[in-house]
Structure formats: structure tokens, C-alpha cells
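Excluded from the calculations below are hydrogen atoms, water molecules and symmetry mates; all remaining heavy atoms, backbone and side chain alike, are included.
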Amino acid sequence: MKPVLLVIAHGSRDPRHAATVHALVRRVRSLRPDVRVETGFLDFNIPSVQGVLESLAAEGVRDVVALPLLLTRAFHAKADIPAVLRDAPPQLRIRQAEVLGPSPLLLSALERRLYEAGLTPADKSSTGVVLASAGSTDPEAIAVIADIAREWRHTGWCAVRPAFASAALPRTEDAVRELRALGCATVAVAPYVLAPGFLPDRIARGAAQADILAGVLGPAPEVARVLLRRYDAAAAQGLLRLTVSA
């Protein structure tokens, strides 16, 4: 039996958040019908992560891969989610998978959203892009976003600048102005976020003076593929440990 994949989302009062998470999970299920996929939320939405874990244990499930639906390893991945998993029913064997980012597939998803918003590959060399993330107080997470922006710049864009909706600077509107000052003919904002909500709306307001605003990553096929890669890696590590111990 393959481990159950438990996708752990943050949750939001904004109903678009849960709807987008469920759409992504449906795509994951369609790609891997051999894997049971469940969804739990840390806050605001149901089912809760704890509730899903208790239901799985009651069914007799033993192996679970818990996958944080996060793009960077910040506080939720390092503290909140491990704390919830430690309170899981003791009969469950749980492996926490790595967060989704960084990944070349996510860069492909970002470009998909920009092209859907109106850009074409021919526009790359004249377009400056704001890589707009939610933001974090974790220096590791901020450094990862800066590294992604540098890497993405080398794929042919006029320039790429990171920006943050909270907890760090610059803001989206400041990065848009910087790219204008650099002389980029077109300025586009690419939200590096998974689902709509309060901070993505702030990114959208900051993009008011940009020419293009892409949609959130959401259920892009590349995101689903990254998610399954993280699941497979965590499941394989668990199987290796079981084989060695046997």
C-alpha cells in the first residue's frame, strides 16, 4: 500500500483559497489515481489537519506523507506543521515531505501564468518581471526568493526583481517603479503564491502601475507535478528506512 498523501494548506477566510487548493488536489488525483490524496488545513477551513489524521488512523491507515503546500521553508514548515504532526495518533507513521519550492517546474508555472495574462516568449527580452511573494520574517525564505529571481533572470528576461507583500521589502509597487526606471519596455508582475487571499490581493494592488498581472500559480500542472515529486521522494525515503530496519 502506498502512503496516503496528506496535503497541508494554511487556510484562509477567503473562500477562493480553499477552492484553489481543492482544484490543485483534484489535478494531483487525476495524475496519480493510485495514490490516495487528502487535504487538511491549519486554520480557518475544514477539515483540520488533526481531524484528517484522526480519521485516517480510525480507518486503519498506517503510513502518511504530510506535504506542506508551501513555496518556502519558513515558520509554518519549520514549526507549525511539525507541531501538529507530533500530536497525531501514535499508530500513524508520518513523513513530512519537503516544501514545493524552489523548483524549475515552478518557474515554468510562473511563465505559464504570464503567457496566459498576455505575454509571449518573444516579449521576454524587453519585459521586466516582479517576482512577488507573500513575504516572511525568515531570512532563509527571503534568500530563496532572491535566488529564484536571479536564476529566472538568466532565462532571458530584461530583468527580474523580487518583492514581498509583507514582512520584507521591497513591496510590489516599488519593484515595478524600479523596472520602469531600468528602461524595461514592459513590466509584468508574477505572483509567487499558490492561492488567492489577503496577501495576493495586496500584490495585485501593488501591480496597479504594471502592464501585466499574472494569476496565482493555483492548480497549474507544473505545481501538481512538483507536489507529486515531493511525495515520491518522501515515500521512497520511508520505504528505504523500513527495508533497512527489516
Backbone N or O of [Y] within a donor-acceptor pair of the [X] side chain at under 3.5 Å?
X: Arg29; Y: Val37; value: yes
X: Arg161; Y: Glu178; value: no
X: Arg153; Y: Cys158; value: yes
X: His17; Y: Gly11; value: yes
X: Lys78; Y: Asp138; value: no
X: Tyr192; Y: Pro162; value: no
X: Arg27; Y: Pro219; value: yes
X: Arg171; Y: Ala168; value: yes

I need the [X] [atom1] to [Y] [atom2] distance, nearest 0.5 Å.
X: Arg32; Y: Leu227; atom1: CZ; atom2: CG; answer: 10.5 Å
X: Leu92; Y: Leu85; atom1: CG; atom2: CG; answer: 10.0 Å
X: Lys2; Y: Asp34; atom1: NZ; atom2: CG; answer: 5.0 Å

Under-4.0 Å salt bridge between [X] and [Y]:
X: Asp174; Y: Arg177; answer: yes
X: Asp211; Y: Arg180; answer: yes
X: Lys124; Y: Glu111; answer: yes

Glu98 versus Leu67, closest heavy-atom pair with distance: O-CG, 4.4 Å
Minimum heavy-atom distance between Pro191 and Leu110, given as atom pair plus value: O-CD2, 3.7 Å
Trp152 and Trp157 aromatic ring geometry - parallel, tilted or perpendicular at 30°/60° bounds: perpendicular
Pairs involving residues 35-53, ordered by first then second residue, that meet side chain to side chain donor-acceptor pair (under 3.5 Å) (sequence neighbours left out): Arg36-Glu38, Arg36-Glu59, Gln50-Glu54
Validation row, ring centre His22 to ring centre Phe41 under 6.0 Å: yes
Arg13 atom CZ: more than 12 heavy-atom contacts under 6.0 Å: no
